[in-house]
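Report on the structure given below.
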Amino acid sequence: MNHAPLAPACAALLRRDLTLAWRQRGDIALPVLYALIVSTLFPFALGPDLALLQRIAGGAVLVTVLLAMLLALDAMFRSDIEDGSLEQLMLSPQPLAPMLGMKILAHWLTTALPLIVIAPLLASLLHLPVAVMPVLLLALLLATPLISLLGAVLVALTAGSRRSGMLLALMLLPLCVPVVIFAAGALAAAQQGLPWIAPIAWLGAALALAVVLAPLACAAALRIALDS
Amino acid sequence: MNHAPLAPACAALLRRDLTLAWRQRGDIALPVLYALIVSTLFPFALGPDLALLQRIAGGAVLVTVLLAMLLALDAMFRSDIEDGSLEQLMLSPQPLAPMLGMKILAHWLTTALPLIVIAPLLASLLHLPVAVMPVLLLALLLATPLISLLGAVLVALTAGSRRSGMLLALMLLPLCVPVVIFAAGALAAAQQGLPWIAPIAWLGAALALAVVLAPLACAAALRIALDS
Amino acid sequence: MAKWIPLWLHKLSSPPTFYAFAGKVRPWAIALALILGVIALYGALVLAPPDYQQGDDYRIIFIHVPSAWMSLFIYAVMGVSAFIALVWRIKLAEVVAMESAPIGAAFTFITLVTGSLWGERMWGTWWTWDARLTSELVLLFLYLGVIGLYHSFEDRRQGARAAAFLAIIGIINVPIVHFSVQWWNTLHQGSTVNLFGKSHIATDMLWPLLTMMVATKAYYVASLCGRVRTDLLALEGGKDWVRKIAAAEKSR
Amino acid sequence: MSGSFESFLAMGGYAAYVWPSYAVFLLVLLADWLAPAFRRRRILRELRGRMARQSARERGKDGAAPFPPAP
Amino acid sequence: MAVMTAAIPATPLLEARALCFHRQDEPVFGPLDFRLDAGELTLIEGDNGSGKTTLMRILTGLLHAEEGELLWRGEPLHRDRCVGDIVFLGHQLGLKSELTPRENLRVAIGLHGHREHTDIDAVLAQVGLAGYGDEPVRRLSAGQKKRAALARLLLIPATLWLLDEPYANLDRTGIELVNRLLAEHIARGGAALVTSHGAVGFHGGEPQRIRMHA
Amino acid sequence: MAVMTAAIPATPLLEARALCFHRQDEPVFGPLDFRLDAGELTLIEGDNGSGKTTLMRILTGLLHAEEGELLWRGEPLHRDRCVGDIVFLGHQLGLKSELTPRENLRVAIGLHGHREHTDIDAVLAQVGLAGYGDEPVRRLSAGQKKRAALARLLLIPATLWLLDEPYANLDRTGIELVNRLLAEHIARGGAALVTSHGAVGFHGGEPQRIRMHA
Ligand code: HEM
Ligand SMILES: Nc1ncnc2c1ncn2[C@@H]1O[C@H](COP(=O)(O)OP(=O)(O)OP(=O)(O)O)[C@@H](O)[C@H]1O
Ligand SMILES: Nc1ncnc2c1ncn2[C@@H]1O[C@H](COP(=O)(O)OP(=O)(O)OP(=O)(O)O)[C@@H](O)[C@H]1O
Ligand SMILES: [Mg+2]
Ligand SMILES: [Mg+2]
């Protein structure tokens, strides 16, 4: 008997999730398209007042991207639970936390990354000043993995329950608020030409912590949630 | 053999969908909560500038509500397809169009209605003037069933395809834009104290047409989509 | 179960024993809460003089502050018993944690509403997104999340464990609520009451506040006893002692 | 007395803020106090239902009832 | 066949003539000829992947075969003509897992109509689900779910039963139950097409067989 | 038992002592005692809803039984001790329907490790899926899906196989295939717990039986 070592197992899982995402690329594109729709509808809903749009652009892009991510979060483990793949994963001789870390990574790569890529487009649809763009991207690069990681823990907690949707949203809101506050703080500072390092540094610190702890918490939560 | 008459069949189906929605009420509440989250995050993202918030309130609530509806649209037939219930429905001795009409009605009742109920709350979170509230509600009452009906046709068309998510969003966007334009037009007019009847009347006319045609189109689309 | 738990505690944590015990504690606790509550209300509304700056408006403090304290205190109790529940799988700890949540949510809600009413007068707005207010709102969401998670599982014990996990994660919010006025500059005022040092508040305003604090604690104990009893019935539905109660209730 | 009582009710002109606060406090706690009583009744009712269902199942098992002999 | 039909009628209930099905130009099953009369039971046999499920879905009208003819009571099979007279039980049971068996059956009755002299409670007891009528289907075991789906057959009026592996997941008494239900249905003048891999002893003689070749 | 184990070892592979399971205080199955040694096949029998699937999920460690003891190689069964040595095939096959059988198997190997002297193509041919390796699982028939899931058993190293109704949906050759796989696994010194409703002829003698009572 030769049990599989960790690294190839991680690679196999990551590759599986990416392949699956590619096979169903229409569904990955969904958050991106929702974000696009929102950004397109805004000018229509608010009227084409340039100064107004510019004023809200940073915040609107931020909220839109995070919201689009939340959309996809719910599905993180759903199909794996439904077709029994998660059981098989939990029965494999691998530590669960790094495996879940891989799943979270795959999720971030397939939902957040495309959103970050089109964020400049969204921002320019709303006439965000070009100078603020790098700060927006930096904020997103830190905020989105944070949401993925924290969200995964909550999704895992609700995995075994049936009324998952509402609960998830309920529990996510408190998590999103601080993230949005810091990210929007950085944006606002940048837009006014003030230093914006401090809030970004806070986000970075939180991310570092989450990268270490979230997969462990996620594994624990999943064990609890599926024991029924 | 006594085949079931139409009215009780409609009632049975409507009742089933409402019971299901009630059993999974957490999932129905999801759009509502997403709408709440968005409305809560906006002030964070934009800063608590009262005049600014007031300015965008109407449009933001409109976009938020429609977006939340779109979220739930995708799931309209999904579970029925997965567990074989849709097959059973299509094999029942009932005309498909009224049956689907019932499903659309149930969908509207369970997703749009709660959203409309909390719309005043969302609007007041964003400090929308009270005088505009009735217009907002009227616009939503006409716009949401329109989106439900049109959306159902598109969902039916993409039901059989794998990449349904993206396709759906792509096809929905052009449908949403005019609806948002008219509804936002009415809101803007009301906010400025101008007559707002005309755009509302257009929405009403479109709704009347959609109520008649959409279920038929939906039935045809579903037959095509599932023949594989 | 851990060996070091004293025998009487071990015995008490058996559901039927605790059911009986809570049934005895409850009337005493609620009586204490009512008596102290009435005294405190009298002191608050009648005896305490109007504030020289705020007039009579400040009387909201006698509701707002004890409720705010309770909202944090109950969360701490919930967090600790959630930890015990997860580590030692003690049924009673699960129940105490889960049944604390609705009471805590009630106090949090009261804090938010009274604070808003007060803020409407003092700050000219009923809501701003400052750190204390926001973190208190987050506290409410955490309570609601715990309640929702608990009830969304079919198996109650499993739900209790999942919700306990959430409660433990959320405990970081408690110091944030408390220290937010120091860490960020907020509209909300800082500490005025200091239990161990000198308080910056007149004595005839202080004693109703402290009495109300004790009254709310007593109320918490009473309410918790009632709720735990109810939840134990649901949890132990298969056991004979519960079935006897069920059968007896029917014949009544 | 009635005058002072009225002034007491008026709360120095802030009645609209003070009394709702106290009302919310009392009402919310009252609701919290009453909720378990209702839940208790429901739990016991459901438990009696479950007991009845169980005995129905037992009966079904003993009597080999599910499958009457084929005609 | 020891059934109670008067005589083989001139026009069969269902008839297939040189029926072929292709998926993307790959043949799924070859030309197939068979006829099925009221009061007749037919077994479809074939290896895994030989097209049994596909054939069933064609017969329900959900799938469309381009080649060959399919006649329902002598006329080309079309949804409007056969609908309500055919009931299908496939690999997917068509039960809502959040509803109870009772609620699921009530919906089926609402949609398909109610067969005379049947009622939900009696039928649930008949399929061995007494006491499970108010449990969400999600909580039933695999075999119990299958039984709940079988209960639907008994409650709605339909002449032709299309059963795709009705025996899967059932225990001995369950298998016996299906056999008895089929025998009663046939005796009542109904017809049934059944796929199965197991060796199943039908009541009332040897059924007609259709062999599928992959 | 006509198997090739040297002698019955002192500590059994798996042993259950007075194992009970309750769901919300309702008993699902009663006190159960059994032991399973390496090189032994055990059949779990019971009616629909008697708790076979539940028992399997407990043995995998996914579910937790509060009463009774469960020993794995003499020590209390715990995930860390048994993981990787137990493989489970349940009502849900654990295949991703968008991936091909080959891709699904590759993931399984990545997670569980590779048994010596096996390769995917050979195994696919062995279970009768030659030519279907690159078709998405979604497009396979019910029996073909089951075969793809069986292929996983052959590729990964595990001592104990827990098979929940492995015969469902399989045709005759498929049933024969499962029997052969079981016989080989036993001969190799593995152990298996199998639930089934059908009368199945194992190779190599009569298996031990556990009867579940609802
Ligand atoms: C919605 C608005 C408000 C919320 C959510 C809120 C929340 C809180 C919380 C959570 C505490 C307890 C802090 C702790 O124990 O660490 C507290 C204490 C307090 N609040 Fe508020 N508050 C609000 C509005 C107000 C207003 C408008 C005032 C008066 C101007 C006020 C005055 C006080 C005072 C005096 C304390 C006691 C501070 C101490 O001694 O520690 N609050 N509030
Ligand atoms: N949705 C689909 N798309 C493409 N091919 C399919 C699809 N479903 C089945 N097939 C293929 O069509 C053939 C017949 O499948 P079908 O499901 O009808 O077989 P079956 O006889 O029911 O087998 P089983 O006994 O395993 O249920 C198989 O080769 C299968 O791979
Ligand atoms: N998720 C669940 N929640 C609650 N009860 C359940 C759940 N799953 C199964 N049950 C109940 O537990 C009992 C045992 O179910 P189990 O699935 O173990 O039976 P089984 O022996 O596998 O039956 P089958 O032969 O039909 O597959 C049944 O009475 C069933 O109704
Ligand atoms: Mg098939
Ligand atoms: Mg089973």
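All of these numbers come straight from a predicted model, not from anything done at the bench. Residue numbers begin at 1 in each chain, while the letters A, B, ... track the order of the sequences.
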Check whether E/I156 gets within reach of chain B through its side chain, its backbone, both or neither, counting any heavy atom under 4.5 Å. neither
Among B/E87, B/R15, B/M99, B/M90, residue most engaged with chain E (heavy-atom pairs, under 4.5 Å): B/E87
Can you tell me how far CD of B/Q88 sits from CG of E/L89, rounded to the nearest 0.5 angstrom? 7.5 Å
Value rounded to 0.5 Å, distance of OG in B/S92 from CD1 in E/I109: 13.5 Å
Enclosure of B/W108 CH2 (heavy-atom neighbours >12, cutoff 6.0 Å): yes
Specify the closest pair of heavy atoms between B/A12 and E/V107, including all atoms of both residues, with the distance to one decimal. O-CG2, 4.3 Å
Using a 4.5 angstrom heavy-atom cutoff, name the option from E/R106, E/R152, E/H91 with the most pairs to chain B. E/R152
Given heavy-atom pairs under 4.5 angstrom as the criterion, report whether the side chain, backbone, both or neither of E/L93 touches chain B. backbone
First locate atom CZ of B/R223, then atom NE2 of E/H64, and finally report the distance between them rounded to the nearest 0.5 Å. 13.0 Å
Before you tell me yes or no, could you show the steps for E/Q92 and B/D83 under side-chain contact (heavy atoms from CB on, under 4.5 Å), namely the whole-Å CA-CA distance, both residues' side-chain angles and the distance that decides it to 0.1 Å? CA-CA 6 Å; E/Q92 289 174 321; B/D83 65 13; over 6 Å; no
Report the C-alpha separation of E/I86 and B/L91 in whole Å, then their side-chain angles, then the decisive distance to 0.1 Å, and conclude whether the side-chain contact (heavy atoms from CB on, under 4.5 Å) test is met. CA-CA 7 Å; E/I86 298 183; B/L91 293 179; 5.8 Å; no
E/K96 and side chain to side chain contact (heavy atoms under 4.5 Å, CB included): which single residue from B/L20, B/D17, B/T19 fits? B/L20
